[in-house]
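Everything on this sheet refers to the single structure shown next.
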Amino acid sequence: MATAAPKLRSSPLARRGRGAGFGRWGLRGIAALYLGGMIAIPLAGVVARGLGLGMTAVADTMTAPAAVDAIVLTLWLAGATAVTNALFGTLLAWVIVRYEFPGRRFLSIVADLPLAIPTLVTGVMLTALYGPASPVGGWLQGHGVDVIFAPPGTLLALLFVTLPFVMRPVQLVLLELDKAEEEASYALGAGAGVTFRRVVLPALRPAITAGALLSFARALGEFGAVVIVAGNIQGRTLTAPVYIFQLTSQFRYQEAAVVATFLFLLSFTIVVITDRLLTKGAGGV
Amino acid sequence: MSVPQGAILENARRQSIVKGALVGVALTYVVFLLVAPLGGILYTALRPGVSVFRSTFSDPRVQHAYYLTAMVAAITVVVTAVFGVITAWVLTRDRFPGRALLNGIVDLPFAVSPVTVGLMTVLLFAQGGWLEPVFLSRGIQIVFALPSMVLVTIFISIPFVIRSVAPVLNELGTDEEEAAQTLGASPLRTFFKVTLKNVRWALAYGVGLSTARALGEVGAVLIVSGSIENRTETATLYILSAIEERLEASGYLVALSLAAVSVVILVGIEIFKHRQTKEQVS
């Protein structure tokens with residue numbers, strides 16, 4: 001032990017730490033300026049503006065009927081997105097990891113499309129398919145089903161954009177899962193249903209919850225996919241981000257900042273919770 | 001084992017029914033949600049025929065929109081790649097007070113709606129904003145001009161390179177870097193010949209994600225640019241205007257072209273991800 005310490009101190013890394021202090025502080029400065037200047041300060045600006053006029057001003061803005069409608073609708077849609085993703089994301093992950101079938105690779109590749117396709121293009125795609133001008137949309141409309149300019153279209157857009165959020169993390173956990181536990185459960189006489197609920201699901205739960213929460217946070221803020229599809233009718237299809245956009249284009253910056261601050265704080269809380277969940281799930285790394 | 005063969009067969013049959021049902025539901029969901037809209041835009045965009053195709057892509061307004069999108073994306077990618085690698089290095093190799101805070105800031109853009117990004121940039125540079133005295137008062141136009149469009153796109157793309165490169169740096173450790181330095185390589189040489197070479201596929205992966213995001217950004221850019229024809233109208237903003245102005249056919253075509261570019265980028269991303277994992281395993 002006695003000889004180990006000086007050896008460590010003379011290692012190149014430690015020498016660099018002492019000798020090249022200037023360069024090191026320079027790099028730290030660049031990183032801090034980059035993240036602080038580009039992200040933290042502008043965000044602080046919005047929050048300061050949003051909360052700057054005091055709580056009565058905030059309450060006035062947040063209780064305006066248009067704001068209440070937009071926020072309630074957005075929370076509903078985000079909730080539905082999160083739940084649907086939790087179910088279908090888990091199903092997709094399970095099917096891709098556990099089964100061999102024709103189309104498996106196709107499924108796995110197509111599921112990454114939402115990562116690359118611009119969100120606005122997602123909206124355009126849905127409009128092209130379900131809009132009144134298309135055969136499908138025309139047929140649906142003839143049967144009294146509105147997709148575009150109605151809540152179903154908005155939900156479809158959000159589901160498209162967030163499809164990989166639950167599926168990918170669950171897939172990773174499933175790949176690592178020790179199959180011996182499942183086999184033990186079967187050997188002890190448990191059926192497939194019980195084994196899934198008692199053995200597999202508990203292992204997947206952190207990944208499912210984290211993915212669902214991230215879908216929720218993303219759905220709260222989504223603009224590009226929603227703006228064309230939703231039609232932006234107050235109370236029916238005007239979501240909070242589109243509402244913020246409308247306020248901004250009318251130069252009502254103060255109100256826009258209040259609603260934006262609310263959305264940001266909510267998403268931020270969710271992202272922090274998700275982070276905690278995931279680090280706990282990974283054994284505290 | 002005295003389990004009757006009939007029961008085993010029965011069990012296997014039931015399992016294959018469950019499998020068939022689950023696979024069926026999964027495929028239906030993905031086809032309905034992802035593939036059908038893709039088919040929808042292919043059909044709608046290509047149906048009007050060659051004349052619309054020609055008039056759309058020879059329209060100077062459309063060409064300018066593409067040019068602007070490429071410009072914004074290129075600047076964004078260079079900035080986020082250079083500063084992203086530096087930041088990832090600092091976050092993984094350096095220990096100093098405030099490191100955890102910086103690390104937390106990296107993920108903030110994921111929690112911010114693009115509309116909020118646009119709004120905060122307007123608030124910062126417009127009249128009464130914190131940076132008004134620096135720019136607007138001296139006649140330097142940031143909002144409704146290229147600089148703000150680049151700024152918001154950078155904000156949104158910051159996490160991609162950092163979050164792709166940092167885990168790889170962590171995983172690699174410092175053994176190779178120390179070896180290079182022991183052999184007399186300068187810190188810069190070590191960085192370019194060892195560190196950067198080891199993370200090159202992760203960097204390419206992050207750059208791919210950044211590019212895809214930068215090409216497609218609409219909410220933030222819409223607010224800060226004002227979407228002025230032939231001046232601050234990017235490809236996505238053109239699509240938005242085209243649909244509002246009843247130029248749907250052109251809008252669909254441009255949207256289809258962006259989707260096609262994204263698919264190419266996605267293929268690249270998959271290759272880079274694969275290369276990086278392969279290199280790390282070996």
Side-chain angles (χ1 to χ4, degrees), chain A residues 11-13 16 20 23-24 27-28 30-32 34-35 38-40 42-43 45-46 49 88 91-92 95 99 101 103 107 110-113 115-121 124-126 128-129 134 156 159-160 163 192 217 221 223-224 228 241 244-245 248 253 256-257 260 263-264 267-268 271, chain B residues 15 18-19 22-23 25-27 29-30 33-38 40-41 44 83 86-87 90 94 96 102 105-116 119-121 123-124 130 154-155 158 174 178 181-182 187 212 215-216 218-219 223 236 239-240 243 252 255 258-259 262-263 265-266:
Chain A
S11 85
L13 189 72
R16 199 174 39 183
R24 180 152 289 213
L27 288 175
R28 279 177 202 170
I30 291 173
Y34 180 54
L35 296 178
M38 288 297 304
I39 301 178
L43 265 178
V46 163
R49 182 72 178 256
F88 281 97
L91 172 70
L92 285 171
V95 163
Y99 296 146
F101 58 94
L107 207 58
V110 169
D112 268 344
L113 270 181
L115 288 179
I117 294 211
T119 55
L120 181 73
V121 175
V124 174
M125 281 177 171
L126 290 170
L129 181 62
S134 94
L156 280 180
L159 288 175
F160 186 111
L163 182 101
F223 177 83
I228 291 182
I244 295 174
F245 167 67
T248 310
Y253 292 146
L263 271 195
F264 164 63
S267 306
F268 179 64
V271 170
Chain B
Q15 272 193 4
V18 170
K19 174 186 160 181
L22 292 182
V23 168
V25 173
L27 279 172
Y29 184 71
V30 169
L33 192 65
L34 299 185
V35 181
L38 213 54
I41 197 172
T44 319
F83 288 97
I86 295 176
T87 307
V90 169
D94 205 356
F96 55 97
L102 278 189
I105 293 177
V106 174
D107 289 326
L108 276 181
F110 287 139
V112 184
S113 170
V115 209
T116 305
L119 173 67
M120 78 189 190
T121 309
L123 287 180
L124 211 56
W130 290 348
I154 292 176
F155 178 98
I158 281 179
T174 55
E178 280 177 38
Q181 296 232 316
T182 315
L215 290 179
V218 61
I223 288 182
T236 47
I239 299 170
L240 205 55
I243 285 175
Y252 285 136
L258 280 190
S262 316
V263 170
I265 295 174
L266 181 67

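Every chain is numbered from 1 and lettered A, B, ... according to where its sequence line falls, protein lines coming before strand lines.
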Identify which part of [X] has an atom lying under 4.5 Å from any heavy atom of chain A, answering side chain, backbone, both or neither.
| X | result |
| --- | --- |
| V30(B) | side chain |
| T44(B) | side chain |
| L123(B) | side chain |
| F155(B) | both |
| I265(B) | neither |
| I86(B) | side chain |

Top residue by heavy-atom pair count (under 4.5 Å) with chain B, among [options]?
| options | result |
| --- | --- |
| V271(A), I39(A), L91(A) | I39(A) |
| P42(A), A31(A), A260(A), G224(A) | P42(A) |
| T119(A), L27(A), L115(A) | L27(A) |

### Query
Looking at side-chain heavy atoms only, is the closest gap between V218(B) and P118(A) below 4.5 Å?
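No - every pair of side-chain heavy atoms lies 4.5 Å or more apart.
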
### Message
Quick check: do L258(B) and V124(A) have side-chain heavy atoms less than 4.5 Å from each other?
### Response
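Not in contact.
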
Name the region of [X], side chain, backbone, both or neither, that has any atom closer than 4.5 Å to a heavy atom of chain B.
| X | answer |
| --- | --- |
| T248(A) | side chain |
| A217(A) | neither |
| L43(A) | both |
| I244(A) | both |
| V95(A) | side chain |
| R28(A) | both |
| I228(A) | side chain |
| A257(A) | both |

Indicate the atoms forming the closest heavy-atom contact of [X] with [Y], along with that distance.
| X | Y | result |
| --- | --- | --- |
| L35(A) | L102(B) | CD1-O, 3.5 Å |
| D112(A) | L266(B) | O-CD1, 3.7 Å |
| Y99(A) | V23(B) | CD1-CG2, 3.7 Å |

Please round to the nearest 0.5 Å and tell me the distance separating atom [atom1] of [X] and atom [atom2] of [Y].
| X | Y | atom1 | atom2 | value |
| --- | --- | --- | --- | --- |
| Y34(A) | I154(B) | OH | CD1 | 7.0 Å |
| Y29(B) | L163(A) | OH | CG | 6.0 Å |
| L120(A) | L240(B) | CG | CG | 5.5 Å |
| I117(A) | L215(B) | CD1 | CG | 12.0 Å |
| L119(B) | F264(A) | CG | CZ | 13.0 Å |
| I41(B) | L129(A) | CD1 | CG | 10.5 Å |

Heavy-atom pairs under 4.5 Å with chain A - which of [options] has more of them than the others?
| options | value |
| --- | --- |
| P109(B), G40(B), S113(B) | S113(B) |
| P37(B), G219(B), A255(B) | P37(B) |
| V263(B), V18(B), L27(B) | L27(B) |
| T87(B), I105(B), D94(B) | D94(B) |
| D107(B), L124(B), L108(B) | L108(B) |

### Message
Other residues, nucleotides and ligands only: do more than 12 of their heavy atoms fall within 6.0 Å of CZ on F268(A)?
### Response
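At most 12 heavy atoms, drawn from other residues, nucleotides or ligands, come within 6.0 Å of this atom.
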
